[in-house]
Amino acid sequence: MMISPEQYIDGLEWRYACKKFDPEARLEQPTWHALAESLRLSPSSLGLQLWKFVVVTNRELKARLREVSWNQSQVEDCSHYVVLCSRRDATRRDVDRYLAQIEFTRRPSAEKLASSADFYTSYVEALAPEKMHAWLDCQVYIAVGFLLSAAAALRVDSCTIGGMDRAKYDEILGLDGTPYRSVVGVALGYRAKDDAYACEAKVRFPAGEVIDIRA
């Protein structure tokens, strides 16, 4: 059964940046599966999906990541810690990989596939290095939004972790020398009963100030 608009908004109102997780509370497998699918099904520019999601549940590994995350306890105490990684760059090989998946899934005509190949390749190859890195990071943050929204709908607590030493993350997670690099983390689990932030009112500007409708 689909949730109602009111139920979805209730989830967003319920959500906050969890400051203290219950370290004994674990996500059940069906719930985690839905969250993982929210990542896999997230949209990306051109559909290229130039990312990888490293999921850490090992307590010792989470403790090592906490040390290079400004000692934020959420990293260690959450149930599942997701490190969202982007590609270091994008190349024709990435385009070819995606086109192969399109061909397998949709069976398009050769002409349409060739046209897509030309467009995607020209777009990627035209990006200067600094714009390339910003573009790749933006893709990861789209996935972050999808994950946080899904977690809220499922009443799973979350906290985005941006305060982190990316180079140390790459070292700890074995990403050095791979096509991927750490960008941001998201802690998932259930709030501790004594997390005072759970009772704080949500601070948001009125809709009329941030939503500009041009009818």
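Scope of the values below: all heavy atoms of this structure, side chains included, with no hydrogens, waters or symmetry mates.
Between T31 and L154, the closest heavy-atom pair is O-CD1, 4.2 Å. The two residues H80 and V55 make their nearest non-hydrogen contact at CD2-CG1, 4.0 Å. Considering all non-hydrogen atoms of both residues, G189 and F21 come closest at N-CE2, 3.4 Å. Between A151 and S158, the shortest heavy-atom contact is CB-CB, 4.5 Å. Between L46 and Y98 the shortest heavy-atom distance is O-CE2, 3.3 Å.
The line from CD of E76 to CD of E60 is 10.0 Å long, rounded to the nearest 0.5 Å. Taking OG of S149 as the start and CG of L35 as the end, the distance is 11.0 Å to the nearest 0.5 Å. To the nearest 0.5 Å, the span separating OG1 on T178 from CG on L173 amounts to 10.0 Å. Taking CH2 of W51 as the start and SG of C85 as the end, the distance is 12.5 Å to the nearest 0.5 Å. The NZ atom of K19 sits 7.5 Å away from the CD atom of Q72 when rounded to the nearest 0.5 Å.
Cation-pi check for K62 over Y81 is not met; the charged atom does not lie both under 6.0 angstrom from the ring centroid and within 45 degrees of its normal. Taking the ring axis of Y180 as reference, the NZ or CZ atom of R87 stays within 45° of it and closer than 6.0 Å to the ring centre.
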Might you work through the side-chain contact (heavy atoms from CB on, under 4.5 Å) test for L50 and S44, ending with a clear yes or no? CA-CA 8 Å; L50 299 170; S44 62; over 6 Å; no
Should L175 and Y169 be marked as a side-chain contact (heavy atoms from CB on, under 4.5 Å) after you check the CA-CA gap, both sets of side-chain angles, and the distance that decides it? CA-CA 8 Å; L175 296 173; Y169 263 56; over 6 Å; no
As a quick check of understanding, evaluate side-chain contact (heavy atoms from CB on, under 4.5 Å) for R97 and T91, giving each step before the final call. CA-CA 10 Å; R97 176 171 177 260; T91 67; over 6 Å; no
The test is side-chain contact (heavy atoms from CB on, under 4.5 Å); show your working for L147 and L188 and say whether it passes. CA-CA 10 Å; L147 178 59; L188 298 165; 4.1 Å; yes
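Within the 4.5 Å cutoff, the side chain of L65 has no heavy atoms near those of the I161 side chain. The closest side-chain heavy-atom distance from R88 to P179 is not below 4.5 Å. By the 4.5 Å heavy-atom criterion applied to side chains, R64 and I172 are counted as neighbours. At least one side-chain heavy atom of R181 sits under 4.5 Å from a side-chain heavy atom of D137. Proximity of R166 to V183: side-chain heavy atoms (C-beta onward) are separated by under 4.5 Å at one or more points. In this structure the side chain of P23 reaches within 4.5 angstrom of the side chain of R59, judged on heavy atoms. With contacts defined as side-chain heavy-atom distances shorter than 4.5 Å, the pair R66/N71 qualifies. For the pair D94/V124, no side-chain contact is recorded, criterion being any heavy-atom separation below 4.5 Å from C-beta on.
The 12-atom threshold is not exceeded at CH2 of W70, counting heavy atoms of other residues, nucleotides or ligands nearer than 6.0 Å. The neighbour count for E130 CD, taken as heavy atoms of other residues, nucleotides or ligands under 6.0 Å away, is above 12. Around the NZ atom of K202, the shell of radius 6.0 Å holds more than 12 heavy atoms that belong to other residues, nucleotides or ligands. Atom CZ of R93 is surrounded by 12 or fewer heavy atoms from other residues, nucleotides or ligands within 6.0 Å.
One hydrophobic cluster, built from ILVMFWY side chains closer than 4.5 Å, cannot hold both L27 and L61; they sit in different ones.
With salt bridges taken as basic N to acidic carboxylate O contacts below 4.0 Å, one links R92 and D96. Salt-bridge check for E37 with R40: passed, with a basic side-chain N closer than 4.0 Å to an acidic carboxylate O.
Test D77, D195, D194, D157 against K20 for side chain to side chain donor-acceptor pair (under 3.5 Å) and you get one pass: D194.
D170 places a side-chain N or O within 3.5 Å of a backbone atom of S182 that can act as its donor or acceptor partner. Of the possible donor and acceptor atoms, one in the side chain of Q74 sits under 3.5 Å from a partner among the backbone N and O of C18.
There is a side-chain donor-acceptor pair under 3.5 Å between S45 and W135.
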